[in-house]
Amino acid sequence: MDMTAPADHGDLNRKAALASISVATLLAAMKVWAVVSTGSSAMLGSLADTALDLVASLATLLGVWIAAMPDDHNHRFGHGKAEALAAMFQVVLISISAIGLAVRSVNQFVAGSRVAEAESGVIVSAIAMAATVALLLYQRHVIARTGSLAISTDNVHYKSDLFLNLAVIAALLLDKGLGIAGADAAFALGIALWLAWGAWGASQAAIEQLMDHEWPIEKRERFLAVVAQHPELKGLHDLRTRTSGNRDFVQFHVWVDGRMTVTEAHRVMDEIEDKLMAEFPGLEVLIHPDPEGLVDEQPLGAHDLLAPGPNGESPAELVQGAPGVQPAG
């Protein structure tokens, strides 16, 4: 588990976004020259994707910059959803690129257009692949430490760039080297479909954050395991979780001995928070103590999540869709 302080996440995310902008700027300039030299639609598609990478990386930089801003009076839960908005903006750009490239590839196939030469396109695509691999490795390092959605989305379409550049090389060699008519147009259409698929996949995580989707089951199981360690808890119920940018939020009710004083109950809550903060750095926690046996959340949220489900479900699985459980959002 990474223990990077949340305050450092914003700086790491900004550096990753600036690295993406630098790579996209370099590759766009090289691909303009390659398109002019080859006349290839597959290379044009690669250029369009790189140009949108540049715009998307600028949006990513803006998103992570805003997301790293501290809470203020109008945004008491922080600005983390700026990352999800930046990710959705990238999805829109990728989708537009895919549609435009598909239309051009069909037109080229009908017209029977051929590429002018292949050498410059192959060289540029090979350099682009090397630069993209270096960027992807750095992005993976940042994502592992910050969990940034915007950088993760950036990483998704840069991964697709590797296959895109391979496709460009194959298209140029088949069309110009082996004289296979329509190869360039066919590969361009394939690239368009690949971009569309990538846009669909990248949109899902952003939508989940914007809709305050519950944490994954594995993460909730970790959470419940930490809480269950406290000997004075009699149960946990009405659990709600969500993620915004690189910040996690959780709220829940716990049953404690009804004879406890307010001071004693407060001590227990503090001890639980300390354990959770050690396991989930930067976590925002809201705990409501109830006297043992009190149920005021029926029919939602009343099941004890520190006990097995009625049909043998794990406590984390009960958070999604089981009777008696209140989902977030």
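In this text the structure is predicted, and so the values were computed from the model without any measurement.
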In terms of hydrophobic clustering (I, L, V, M, F, W, Y; side-chain heavy atoms under 4.5 Å; direct or indirect links), are Val23 and Val133 co-clustered?
yes
Considering only heavy atoms from C-beta outward, does the side chain of Leu61 approach that of Arg14 to under 4.5 Å?
yes
As an exercise, state the distance from CG of Leu135 to CG of Leu26, rounded to the nearest 0.5 Å.
11.5 Å
Partners of Ser125 by side-chain hydrogen bond (donor to acceptor under 3.5 Å, both in side chains), sequence neighbours excluded?
none
Could you see if Val91 belongs to whatever hydrophobic cluster contains Trp197? Use Ile, Leu, Val, Met, Phe, Trp, Tyr and a side-chain cutoff under 4.5 Å.
no
Restricting to side-chain hydrogen bond (donor to acceptor under 3.5 Å, both in side chains), what partner residues turn up for Lys219, sequence neighbours left out?
Asp248
Note, Glu273 side chain near Leu283 side chain (heavy atom, < 4.5 Å):
no
Step through the shown structure and confirm whether more than 12 heavy atoms of other residues, nucleotides or ligands are within 6.0 Å of NE2 on His266.
no
Transitive ILVMFWY side-chain link Met277 to Val254, under 4.5 Å:
yes
Do Glu279 and Arg222 sit within salt-bridge range, that is, some charged N less than 4.0 Å from a carboxylate O?
yes
Look up atom CG in Asn155 and atom CD in Gln139, then write down how far apart they are to the nearest 0.5 Å.
4.5 Å
Where is the tightest heavy-atom contact between Leu27 and Ala128, given as atom of each residue plus distance?
CD2-CA, 3.5 Å
Are the side chains of Phe249 and Arg240 in contact, using a 4.5 Å heavy-atom criterion?
no
Residue list, side-chain hydrogen bond (donor to acceptor under 3.5 Å, both in side chains) with Arg267, at least two apart or on another chain
Glu232, Glu271
For His288 and Asp238, which I'm curious about, is there any donor-acceptor pair between the side chains at under 3.5 Å?
no
Shortest non-hydrogen contact from Ala28 to Leu47?
O-CD1, 3.6 Å
Heavy-atom closest pair (Ala16 atom, Tyr138 atom, distance to 0.1 Å) is CA-CE2, 3.6 Å
Under the criterion side-chain contact (heavy atoms from CB on, under 4.5 Å), I'd like the reasoning laid out for Val227 against Leu276: C-alpha separation, chi angles, the key distance, then a yes or no.
CA-CA 7 Å; Val227 176; Leu276 287 172; 3.9 Å; yes
Leu239 vs Leu224 side-chain heavy atoms within contact, under 4.5 Å:
yes
Please tell me if the side chains of Phe280 and Val285 come closer than 4.5 Å, counting only heavy atoms from C-beta onward.
no
side-chain contact (heavy atoms from CB on, under 4.5 Å) assessment of Met30 paired with Ile127:
CA-CA 9 Å; Met30 295 173 61; Ile127 295 173; 3.5 Å; yes
Ignoring hydrogens, what is the shortest heavy-atom contact between Leu12 and Val142? Give both atom names and the distance.
O-CG1, 3.8 Å
Using atom types as modelled and distance alone, determine if a side-chain donor or acceptor of Glu214 lies under 3.5 Å from a backbone N or O of Thr241.
yes
For the pair Leu54 and Thr25, evaluate side-chain contact (heavy atoms from CB on, under 4.5 Å) and give the outcome as yes or no after the intermediate values.
CA-CA 6 Å; Leu54 177 56; Thr25 301; 3.4 Å; yes
Between Phe89 and Val55, is the side-chain contact (heavy atoms from CB on, under 4.5 Å) condition met? List the steps.
CA-CA 10 Å; Phe89 180 70; Val55 176; 4.0 Å; yes
Identify whether Val226 and Val256 are in the same connected component of the hydrophobic contact network (ILVMFWY, side-chain heavy atoms under 4.5 Å).
yes
Closest heavy-atom pair and its distance - Gly258, Pro291
CA-CB, 3.8 Å
Value for OG1 (Thr132) from CE (Met129), rounded to nearest 0.5 Å, stands at 8.0 Å
Quick one: does Val268's side chain get under 4.5 Å of Pro289's, heavy atoms only?
no
For Phe223 and Phe252, take the angle between the two ring planes, folded into 0 to 90°, and tell me which bin it lands in: parallel under 30, tilted 30 to 60, perpendicular over 60.
perpendicular
Please examine the side chains of Asp257 and Glu264, heavy atoms only from C-beta on, and report whether any two atoms are closer than 4.5 Å.
no
If you group Ile, Leu, Val, Met, Phe, Trp and Tyr by side-chain heavy-atom gaps below 4.5 Å, do Ile99 and Leu193 land in one group?
no
Flag side-chain contact, heavy atom, 4.5 Å: His230 against Leu233
yes
